[in-house]
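The structure presented is a predicted model; accordingly, all values stated were derived computationally and were not measured. For the numbers below, each heavy atom of this structure counts, side chains included, while hydrogens, waters and symmetry mates do not.
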Amino acid sequence: MGADLIKTDGSGTAATAAPPPPPSASENYQRSIVDFDPPKKAKRNKYAFACAVLASMTSILLGYDIGVMSGAAIFIEEDLKINYVQKEVLMGILNVYSLIGSAAAGRTSDWIGRRYTIVLSGAIFFAGSLLMGLAPNYAFLMFGRFVAGVGVGYALMIAPVYTAEVAPASSRGFLTSFPEVFINAGILLGYVSNYAFSKLPVHLGWRLMLGVAAIPSALIGLSVITMPESPRWLVMQGRVGEAKRVLVRTSHSEEEAELRLLDIKEAVGIPPECEDEIVQISNSKKGGSGVWRELFLHPTPAVKHILITGVGIHFFQQSSGIDAVVLYSPEIFGKAGITSSDMKLLATIAVGLVKTLFILVATFFLDRVGRRPLLLSSVAGMIGSLVALATCLTIIDQSSSRLMWAIVLCILSTLSYVAFFSIGLGPITWVYSSEIFPLRLRAQGCALGVLVNRVTSGVLTMTFLSLSRAITTGGSFFLFSLIASIAWAFVYTLIPETQGRTLEEMEKMFGRYCRWRSALKELEDDDKKLVSNEVNGAVQMAEGVVAIGNRQG
């Protein structure tokens, strides 16, 4: 800065500037204060935003399948003459099949990259959609769901990982919540598809409902090719120069890009002073090698805590009943007393609409409010809604007359439940699990979270009708409210706040379990010391500038 204010001759002594006269000491001081003022908050990076949107659009495939099957199953049951056990297996089996895709996606994404793994997921789902749409019988339909399920597993695992690795820390929560946004958008589209094709002949309607999903999967696969590769994956492959160019495009400034690159270099083991375009990386640093051993056999306290929270939040997201509500909403509204098929489908569309609207609200609060406040508020609201829904369904079941007030409360409780889920537990599960695992463990750690998520969802959706017959539908939702209460306690005691932390800082916040606040306080103290040192340095430089100005004056 001093070079902007004075000139030096060859000997290094200050020389008087040519007219106009040099600025006064007060002007120098004011300029120095402006120079050291903190910059205004940067706008969201549009390129990172576009990359997150394209990657997350793969999640629309799962959402569409969940939504469309809720209505298509009514017509499949009528056309193929299947019983209720075959029906619940058909509806939930995709979650089990997706385990294959999510288990393979971790290693595949470390091998061929995050971007081409997304393309692969779209291609597999495209094939599955066509098979389901052309299915002549129940067995062929199940095979189509197997293929589609593998594609869904790939998409669920890789979309949050790619987005978290591309997004700047300041907007990571906003961008990483996009997969859940598109899941909800897919659910709504599935519900609309149900209603749109419900007037066609039974044998044709459900086939079109399932088959049209091939169109968006093809478009998504083609559009993703235009995206850049994840900078963290590029560094893991030694392609440091290419990673730096991606970071410059996805960061708010070149300085931020440089800092992000230094963090990734440190995580991979590359010296910070290394400026080579291509760096030789050992196989152990490229990902995949020894990861499962580090996760399960010899985890550090921090990794063990990360594993518990990453897997636990996925378990509670599904075990609290969301897929039962979304997938079986026509049956739930039927139990509440709605008999018309059109009214059931319209009420189901209302569920999808509320779910989508509230997930959009959540995306704008993730990086402002933080993860924990949204999670705790969300789960608390879910508990209240589940208790209200269970109580109303039980009253209706025990009553011999039609209770209109109870029917209305059932609908409102269902809408309230999906709204509370969508402002917290829904999107934050994907955000949180994609950001807490260290770089070397991230792909496989996220794959494990998706595996637990899909197993839990599969078990729940494939047994919901049987469970409802065993303990009544109201009893099932009382059970879900109990699980949600345990989830609230889990979040309160074990889950640290990660808002604003870089992906490379996460490991420092874990390992103390219920005492995670002490680790967070240490990080905050370190931040304060860093800011204090920067301010002191700025003040000293400003004082030096003022002193030079006084001597010139």
Practice item. Step through the shown structure and confirm whether more than 12 heavy atoms of other residues, nucleotides or ligands are within 6.0 Å of OH on Tyr97. Key: yes
Ignoring hydrogens and angles, state whether a donor on the side chain of [X] or [Y] is under 3.5 Å from an acceptor on the partner side chain.
| X | Y | answer |
| --- | --- | --- |
| Ser466 | Glu88 | yes |
| Thr456 | His314 | no |
| Ser385 | Ser416 | yes |

Practice item. Could you tell me whether the side chain of Arg207 and the main chain of Ala135 form a donor-acceptor pair under 3.5 Å? Key: yes
Review point. So, Tyr138 side chain and Gln86 main chain: donor-acceptor pair closer than 3.5 Å or not?
Key: yes
Practice item. Flag this pair as yes if the NZ/CZ of Arg469 is under 6.0 angstrom from the six-membered ring centre of Phe464 and inside a 45 degree cone about the axis; otherwise no. Key: no
Taking only residues two or more places apart in sequence or in another chain, which ones pass side-chain hydrogen bond (donor to acceptor under 3.5 Å, both in side chains) with [X]?
| X | result |
| --- | --- |
| Ser468 | none |
| Asn194 | none |
| Thr348 | Ser329 |

Point to revise | Heavy-atom check, side chain of Arg115 versus side chain of Ser230, under 4.5 Å | key: no
Review point. Using 4.0 Å as the upper bound for N to carboxylate O, is an ion pair formed by Arg372 and Glu497?
Key: no
